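So the structure is just underneath, and the comments pick up after that.
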Amino acid sequence: MAEPLSLVWLRRDLRLHDNAALYHALRSGKPVLPVFIFDKVILDALDDKHDRRVTFLVQEVERLHDELAKLGSAIYVEYGKPEDVWKAIVKKYDVEAVYTNYDYETYAKDRDKAIGALLDKTGIGFHSYKDQTIFDHDEVLSKAKKAPYTVFTPYSKTWHAKLNEFYLKSYPTEKYKKNYYQTKPLPVPSLKSMGFESVTDNIPARTVSDKVLDHYGKTRDFPADEDGTSQLSMHLRFGTISIRELARQAHEAKDKTFLNELCWRDFYFQVLDHFPHVEKHSFRREYDNIKWRNNEAEFEKWCKGETGFPIVDAGMRQLNTIGWMHNRVRMITASFLCKNLLIDWRWGEAYFGKKLRDYDLSANNGGWQWAAGSGTDASPYFRVFSPESQTKKFDPKGEYIKRWVPEVDDPDKYPKPMVDASETRQRALDAYKKGLGKE
Ligand SMILES: Cc1cc2nc3c(=O)[nH]c(=O)nc-3n(C[C@H](O)[C@H](O)[C@H](O)COP(=O)(O)OP(=O)(O)OC[C@H]3O[C@@H](n4cnc5c(N)ncnc54)[C@H](O)[C@@H]3O)c2cc1C
């Protein structure tokens, strides 16, 4: 009889190198077969059939298929609901155990619980590992209260103090490559068969140079500078690069600003993990009392980049065109929506969720709640970004704006500002005060 297999369920960790779950499976002594499920529940919820992330996923799964074929192995790929797929897999293969990496979103946690229980019924082990963060769960707690941090600065102090070589070490999966299950390559479902169309995209490089990291602290806020940030967010999102390798590089860089951004990333994962109510509600519940105006026509203008505020429009058009927006401009566009238009941050969060190639519930939710003032941030609700002064500071020559809004200087083609910035600022302050009972 054939030997039972160790299966590795890949999700947001689409790589064979430095992968925690894969490493533990390869060391289990049983032949290892990676599995990927195109989750019907998630894909059915995407209304854009040209979603660039689905094209990327298929390309990356095909890449794994080719890498594994070179090792005489395969990746088992299915399109369906995870529970149905797992029921079929355990009928098809003799499975000893399933290895996977943690996911911190509520949907994923519930899904994993259900699959763990399903496998348990037939005596199959289900093992999960930390892989997409440097620290998770209860690894960074406040010393005084032994509770999760709710503000970034103290969290980051503990995070940086705890960081050492141990946490940055890679999992040497390549040492065990003879342990892959030897089989013929298996098929990968096509995009079309799952109801999607292919998108031609410029996928950013998977590496960042030391030079970028060394000047990052000075360049990261200027959206016209395409080398000012790493553009690695999509790879971090899908695990096509390893967070440990990147954090090691950042740790060794002269300027530690970039490392601190990776700390923000961990921070928002731990917020989501410990405070799952943020998926639907304000982190600080009292912010759910704010009366949003939620004007649909205004929202439409914001989505399309037709607000008449050049920096806002440039950001939204960059997002709509390439599925990525510079961080500084994400903050400006988000502030404009929540404050100047008084539209519920959840509308903006959902729109970014549809469009961002690096969409990650934790960072997106954290960024939006930061902009709305309802989140973990210690800064008060009355911070309202002025599009004009943000432009003066961060795009002083208007280079970024010109790139995305070439008609900006033509009054016949470019619209007038849709609202008065200072009046709407005041309107926001009044609405916030009222909602928060601070009148
Ligand atoms: C309203 C809003 C929504 C956002 N939505 C997302 C999202 O869906 N997915 C996402 O990955 N980031 C999101 N961010 C954070 C940030 O804008 C992006 O991570 C960054 O712009 C990606 O570009 P980069 O890879 O060049 O980043 P770099 O500046 O090179 O930073 C390196 C990496 O650090 C992480 N990082 C940087 N800044 C943050 C941050 N503030 N919070 C969490 N992680 C961070 C990212 O993984 C990023 O790739 C959002 C920010 C805001 C204000």
Side-chain angles (χ1 to χ4, degrees), residues 12 53 104-105 132-134 152 155-156 159 203-223 225-243 245-247 249-250 253 255-272 278-279 302 312 315-316 318-319 322-339 343 345-377 379 383 385 390 394:
R12 303 171 49 127
R53 296 163 296 193
Y104 308 95
E105 297 177 11
Q132 55 171 326
T133 58
I134 299 296
F152 177 71
Y155 171 86
S156 71
W159 189 95
I203 302 299
R206 282 157 215 254
T207 53
V208 59
S209 69
D210 290 339
K211 204 171 135 215
V212 168
L213 298 195
D214 284 342
H215 63 52
Y216 180 80
K218 293 198 186 87
T219 55
R220 69 185 181 127
D221 269 319
F222 297 90
D225 181 354
E226 285 178 352
D227 292 325
T229 70
S230 71
Q231 309 240 359
L232 286 174
S233 49
M234 185 184 211
H235 294 299
L236 285 167
R237 163 64 183 82
F238 290 101
T240 41
I241 60 171
S242 145
I243 182 64
E245 287 180 0
L246 182 63
Q249 188 188 357
D255 180 351
K256 298 285 184 277
T257 320
F258 187 83
L259 184 64
N260 205 45
E261 293 310 301
L262 302 183
C263 178
W264 269 109
R265 181 175 174 272
D266 265 21
F267 177 65
Y268 284 139
F269 274 123
Q270 72 95 34
V271 169
L272 184 59
V278 297
E279 284 188 29
W302 177 83
V312 174
M316 296 309 292
Q318 181 177 35
L319 175 67
I322 65 166
W324 184 85
M325 194 198 297
H326 188 279
N327 180 60
R328 171 58 50 185
V329 196
R330 290 188 205 202
M331 294 195 285
I332 300 170
T333 52
S335 168
F336 185 80
L337 186 82
C338 314
K339 303 281 173 64
I343 289 179
W345 58 268
R346 281 159 280 229
W347 287 32
E349 184 197 24
Y351 189 74
F352 272 29
K354 278 188 198 167
K355 296 282 172 182
L356 279 172
R357 69 185 180 205
D358 61 23
Y359 169 61
D360 207 323
L361 201 160
S362 58
N364 195 44
N365 181 276
W368 274 97
Q369 297 227 33
W370 182 89
S374 61
T376 50
D377 196 39
S379 98
R383 175 192 51 215
F385 276 10
Q390 289 287 313
F394 301 113

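Just so it is clear, the structure is predicted and the values come from calculations on it, not from any experiment. Order of appearance sets the numbers: ligands from 1, and atoms from 1 within every ligand.
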Min over Leu337, Leu262, Val212, Asn365 of heavy-atom distance to atom 33 (C) of ligand 1 lands on Leu262
Please work out which of Asp266, Asp227, Asp360 has its closest non-hydrogen atom nearest to atom 8 (O) of ligand 1.
-> Asp360
What protein heavy atom sits nearest [atom], and how far off is it?
atom: atom 23 (O) of ligand 1; result: Trp324 NE1, 3.2 Å
atom: atom 5 (N) of ligand 1; result: Asn364 OD1, 3.1 Å
atom: atom 40 (C) of ligand 1; result: Trp264 CB, 4.1 Å
atom: atom 19 (O) of ligand 1; result: Ser233 CB, 4.3 Å
atom: atom 15 (C) of ligand 1; result: Asn327 OD1, 3.9 Å
atom: atom 32 (C) of ligand 1; result: Phe258 CE1, 3.3 Å
atom: atom 13 (C) of ligand 1; result: Arg330 NH1, 3.3 Å
atom: atom 31 (O) of ligand 1; result: Tyr216 OH, 3.6 Å

Basic-acidic side-chain contact under 4.0 Å: Arg328, Asp221 | yes
Hey, which of Trp370, Phe267, Trp159 is the one that makes ring-ring contact (aromatic ring centres under 6.0 Å, His included) with Phe152?
-> Phe267
Among Tyr359, Trp347, Trp368, whose ring-ring contact (aromatic ring centres under 6.0 Å, His included) with Phe352 holds?
-> Trp368
Atom pair [atom1]/[atom2] of [X] and [Y] - distance to nearest 0.5 Å:
X: Phe258; Y: Leu232; atom1: CZ; atom2: CG; answer: 5.5 Å
X: Arg357; Y: Ile322; atom1: CZ; atom2: CD1; answer: 5.0 Å
X: Arg206; Y: Ile241; atom1: CZ; atom2: CD1; answer: 9.0 Å

Does [X], backbone or side chain, put an N or O under 3.5 Å from an N or O of ligand 1?
X: Leu236; answer: no
X: Glu261; answer: yes
X: Tyr268; answer: no
X: Thr229; answer: yes

Side-chain donor/acceptor of His326 to backbone N/O of Gly228, under 3.5 Å | no
Ser335 side chain to Phe385 backbone, donor-acceptor under 3.5 Å | yes
Distance under 4.0 Å to a non-hydrogen atom of [X]: what atoms of ligand 1 satisfy this?
X: Leu356; answer: 5 (N), 7 (C), 8 (O)
X: Arg265; answer: 43 (C), 44 (N), 47 (O)
X: Leu232; answer: 25 (O), 49 (O)
X: Met331; answer: 53 (C)
X: Tyr359; answer: 8 (O)

Looking at ligand 1, does Gln231 have a heavy atom less than 4.0 Å from it?
-> yes
Closest non-hydrogen contact found for Gln231 with Glu226 is NE2-O, 3.7 Å
So does Lys354 have more than 12 non-hydrogen atoms from other groups sitting under 6.0 Å from NZ?
-> no
Mind checking whether Tyr268 and Trp264 have parallel, tilted or perpendicular rings, split at 30° and 60°?
-> tilted
Judged by modelled atom types alone, do Gln249 and Asp210 share a side-chain donor-acceptor pair under 3.5 Å?
-> yes
